S.K.: 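To start, I am sharing the structure in question, which I have written as structure tokens.
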Amino acid sequence: MKTSFDFEKPIADLQGQVEKVKQVAEKTKVDMSATLKELDEKIEKTKTEIFSNLTGWQQVQISRHPERPYTLQYIETICDDFIEMHGDRTVKDDKAIVGGFGSLNGETVMFIGHQKGTNTKLRQYRNFGMANPEGYRKALRLMKLAEKFNKPVVTFIDTPGAYPGLEAEERGQGEAIARNLLEMSVLKVPIICIIVGEGASGGALGIGIGDRVYMLEHTWYSVISPESCSSILWRSWDFKEKAAECLKLTSDNMLANRLIDGIIKEPMGGAHQDPAQMCQTIKEKLISDLKILKAKNVDTLIAERIDKFCSMGVVVED
């Protein structure tokens, strides 16, 4: 394991033992297969125990694992070919949001998603996945293009939030996100949204209105991050673990509250453990759901989409 968290230490220790046994076997030419088998069984048992009892904060940590696949990796693996499109035709091309037409199982689909970057330089280039208003306007332009040619839309959500800088607010960050919410709710083509990492606040919602909204198993979706919540309530980041539990931000919590339509299972230990398998699982889900959604009448599709989001939450009038 190249990168591991504190709660994964028992797994890392066992894997270290496996490497030592292999080295001993290679040097001494002694058959250590029985010992290796026993250690492998212990590793699988330990993984099952750990990953079936994760806390909210541990789920957040996994969602931020630096080796997790990002949007472009999903798109490039899932699609037979992909043509990226740039710019909002007003300000510039926001690198934090990528999008374009791709071929999925012989069908053209508009893919849009947040992109974080795989190293420090690329993370700065992508602004750590925090989009400016022009990013959401680019996303909307691509959605409208998909609607024009009657092509379905798939969005991948992975952002710590929309960029909170002064210049972003000056260019209408709130308006850009609000416009996307309005336009996506009545878009005349099927929309599938998948939270593949972090799903924070309006930055996630800006491309998160769809006929089907899914979360990968070890992701989170919330109005605020645990750290920010902790800093507001307790004036310190030290209570981020408590905040994560209180926010009920995990995929299980979101499904129980009927805020998403389903959970997509990840490989044991997270999507970064087997990106190819994760991509295949998402691909199969997309193909299956798009077939169902495309068979629906446009008016029915929009009505069901609006009803789904209007039914979320409770309003009590005095």
Side-chain angles (χ1 to χ4, degrees), residues 71 74-75 78-85 87-90 97-114 131 133 135-157 175-196 199 202-215 221 254-255 257-264 281-313 315:
T71 293
Y74 283 119
I75 293 174
I78 288 170
C79 296
D80 298 320
D81 54 65
F82 174 67
I83 301 174
E84 186 176 352
M85 308 178 82
D88 69 336
R89 301 295 187 264
T90 304
I97 285 187
V98 296
F101 283 117
S103 179
L104 175 66
N105 198 37
E107 177 183 356
T108 300
V109 176
M110 175 61 77
F111 289 93
I112 301 168
H114 299 99
Y136 293 102
R137 292 179 179 128
K138 173 171 75 170
L140 180 57
R141 180 178 75 84
L142 298 183
M143 291 178 206
K144 285 295 187 181
L145 191 63
E147 183 182 53
K148 178 180 180 180
F149 294 106
N150 194 31
K151 303 299 180 185
V153 175
V154 172
T155 69
F156 293 108
I157 298 165
E175 185 278 336
I177 293 172
R179 174 65 59 182
N180 279 23
L181 302 184
L182 172 64
E183 297 289 353
M184 289 184 80
S185 66
V186 294
L187 204 70
K188 297 177 181 178
V189 293
I191 308 172
I192 298 177
C193 308
I194 304 177
I195 295 96
V196 296
L205 274 179
I207 57 171
I209 305 297
D211 304 294
R212 298 287 186 273
V213 179
Y214 296 112
M215 291 176 69
Y221 198 21
M254 295 297 289
L255 184 62
N257 289 323
R258 295 184 294 176
L259 298 174
I260 60 172
D261 298 294
I263 299 171
I264 299 176
T281 302
I282 290 176
K283 181 177 182 178
E284 290 171 1
K285 189 67 175 173
L286 291 177
I287 292 171
S288 172
D289 277 23
L290 287 175
K291 185 177 180 181
I292 295 170
L293 294 173
K294 285 185 68 180
K296 294 189 177 186
N297 174 273
V298 172
D299 293 334
T300 302
L301 193 72
I302 294 173
E304 289 180 354
R305 188 188 305 155
I306 292 173
D307 288 343
K308 181 177 74 169
F309 282 91
C310 285
S311 67
M312 294 178 184
V315 176

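All values reported here derive from a predicted model rather than from experimental measurement. Quick note: numbers below take in every heavy atom, side chains included, and nothing from hydrogens, waters or symmetry partners.
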S.K.: Between Ile192 and Leu286, is any pair of side-chain heavy atoms under 4.5 Å apart?
M.R.: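 Yes; the side chains approach each other to less than 4.5 Å.
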S.K.: Measure from the side-chain N and O atoms of Glu147 to the backbone N and O of Lys188, and report whether any donor-acceptor pair falls under 3.5 Å.
M.R.: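 The answer is yes, because a donor-acceptor pair under 3.5 Å joins these two groups.
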S.K.: Between Ile306 and Val186, is any pair of side-chain heavy atoms under 4.5 Å apart?
M.R.: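 Yes. Closest side-chain heavy atoms under 4.5 Å.
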S.K.: Would you say the side chain of Glu175 lies within less than 4.5 Å of the side chain of Arg137, judging by non-hydrogen atoms?
M.R.: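 Arg137 reaches Glu175 side chain to side chain.
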S.K.: Atom CG of Asp289 and atom CG of Asp211: how far apart are they, to the nearest 0.5 Å?
M.R.: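 Nearest 0.5 Å value for the CG-CG distance: 9.5 Å.
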S.K.: Do you know which two heavy atoms are closest between Ile207 and Ala139, and how far apart they sit?
M.R.: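 Minimum heavy-atom contact is CG2-CB, 3.9 Å.
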S.K.: Would you check if Leu104 and Lys283 make a side-chain contact, meaning some heavy-atom pair closer than 4.5 Å?
M.R.: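 Yes; the side chains approach each other to less than 4.5 Å.
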S.K.: Is any NZ, NE, NH1 or NH2 atom of the basic residue among Lys308 and Asp261 found under 4.0 Å from an Asp or Glu carboxylate oxygen of the other?
M.R.: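 Yes, Lys308 and Asp261 are salt-bridged.
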S.K.: Distance-only, no hydrogens or angles: does the Asn297 side chain make a donor-acceptor pair with backbone N or O of Asp299 under 3.5 Å?
M.R.: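 Here the side-chain-to-backbone pair exists.
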S.K.: Check Tyr136 against Ala131 and note the closest heavy-atom contact, atom names and distance.
M.R.: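 It is CE1-CB, 3.5 Å.
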S.K.: Could you give the distance from CE (Met215) to CE (Met254), rounded to the nearest 0.5 Å?
M.R.: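 The distance works out to 6.0 Å.
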S.K.: Heavy atoms only: give me the nearest Leu290-Pro190 pair and the separation to one decimal.
M.R.: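 Closest pair (atom of Leu290, atom of Pro190, distance): CD2-CB, 4.5 Å.
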S.K.: Measure the CG-CG distance between Asn180 and Leu205 for me, rounded to the nearest 0.5 Å.
M.R.: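 So the CG of Asn180 and the CG of Leu205 are separated by 10.5 Å.
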S.K.: Looking only at heavy atoms, what is the nearest atom pair of Gly106 and Asp80, with distance?
M.R.: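 Closest approach of Gly106 to Asp80: N-OD2, 4.1 Å.
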S.K.: Within a strict 4.5 Å, meaning less than it, do heavy atoms of the Cys193 and Ile157 side chains meet?
M.R.: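 Yes, their side chains come closer than 4.5 Å.
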S.K.: Are the side chains of Val213 and Ile195 in contact, using a 4.5 Å heavy-atom criterion?
M.R.: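 A side-chain contact under 4.5 Å exists here.
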S.K.: With heavy-atom distances below 4.5 Å as the criterion, would you say the side chains of Glu107 and Pro152 are in contact?
M.R.: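 Glu107 reaches Pro152 side chain to side chain.
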S.K.: Does the plane of the ring in Tyr74 sit parallel, tilted or perpendicular to the ring in Phe156? Use 30° and 60° as the thresholds.
M.R.: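 Tyr74 vs Phe156 ring planes: parallel.
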S.K.: Checking Cys79 against Phe111 for the side-chain contact (heavy atoms from CB on, under 4.5 Å) test, could you report, in this order, the C-alpha distance in whole Å, the side-chain angles of both residues, the deciding distance, and whether it holds?
M.R.: CA-CA 10 Å; Cys79 296; Phe111 289 93; 3.2 Å; yes
S.K.: First locate atom CG of Leu145, then atom CZ of Phe101, and finally report the distance between them rounded to the nearest 0.5 Å.
M.R.: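 Those atoms lie 4.5 Å apart.
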S.K.: Do the non-hydrogen side-chain atoms of Val153 and Met110 ever get within less than 4.5 Å of each other?
M.R.: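 Contact flag for Val153/Met110 side chains = yes.
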S.K.: Counting N and O atoms only, with roles assigned by atom type, does the side chain of Tyr214 sit under 3.5 Å from a partner on the main chain of Val196, one being a donor and the other an acceptor?
M.R.: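 Not at all, since once roles are kept as given, no pair shorter than 3.5 Å links the two residues.
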S.K.: Report the distance from atom OH of Tyr221 to atom CG of Leu255, rounding to the nearest 0.5 Å.
M.R.: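 Those atoms lie 14.0 Å apart.
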S.K.: Mind checking the CG-CD1 spacing from Asn105 to Ile78? Nearest 0.5 Å is all I need.
M.R.: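 Answer rounded to 0.5 Å: 11.5 Å.
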S.K.: Is Thr71 reaching over with its side chain to a backbone N or O of His114, donor-acceptor style, under 3.5 angstrom?
M.R.: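 Confirmed, Thr71 side chain pairs with His114 backbone.
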S.K.: Go through Arg89 and Arg141 one step at a time and tell me if the side-chain contact (heavy atoms from CB on, under 4.5 Å) criterion holds.
M.R.: CA-CA 9 Å; Arg89 301 295 187 264; Arg141 180 178 75 84; 3.5 Å; yes
S.K.: Can any side-chain N or O of Arg305 pair as donor or acceptor with the backbone N or O of Leu187 at less than 3.5 Å?
M.R.: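 Yes; at least one donor-acceptor contact below 3.5 Å.
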S.K.: Would one find more than 12 heavy atoms of other residues, nucleotides or ligands at under 6.0 Å from atom CZ of Arg179?
M.R.: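 Not buried by this count: 12 neighbours or fewer within 6.0 Å.
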S.K.: Hey, is the main chain of Lys285 close enough, under 3.5 Å, to the side chain of Ser288 for a donor-acceptor pair?
M.R.: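 Not a single qualifying donor-acceptor pair exists.
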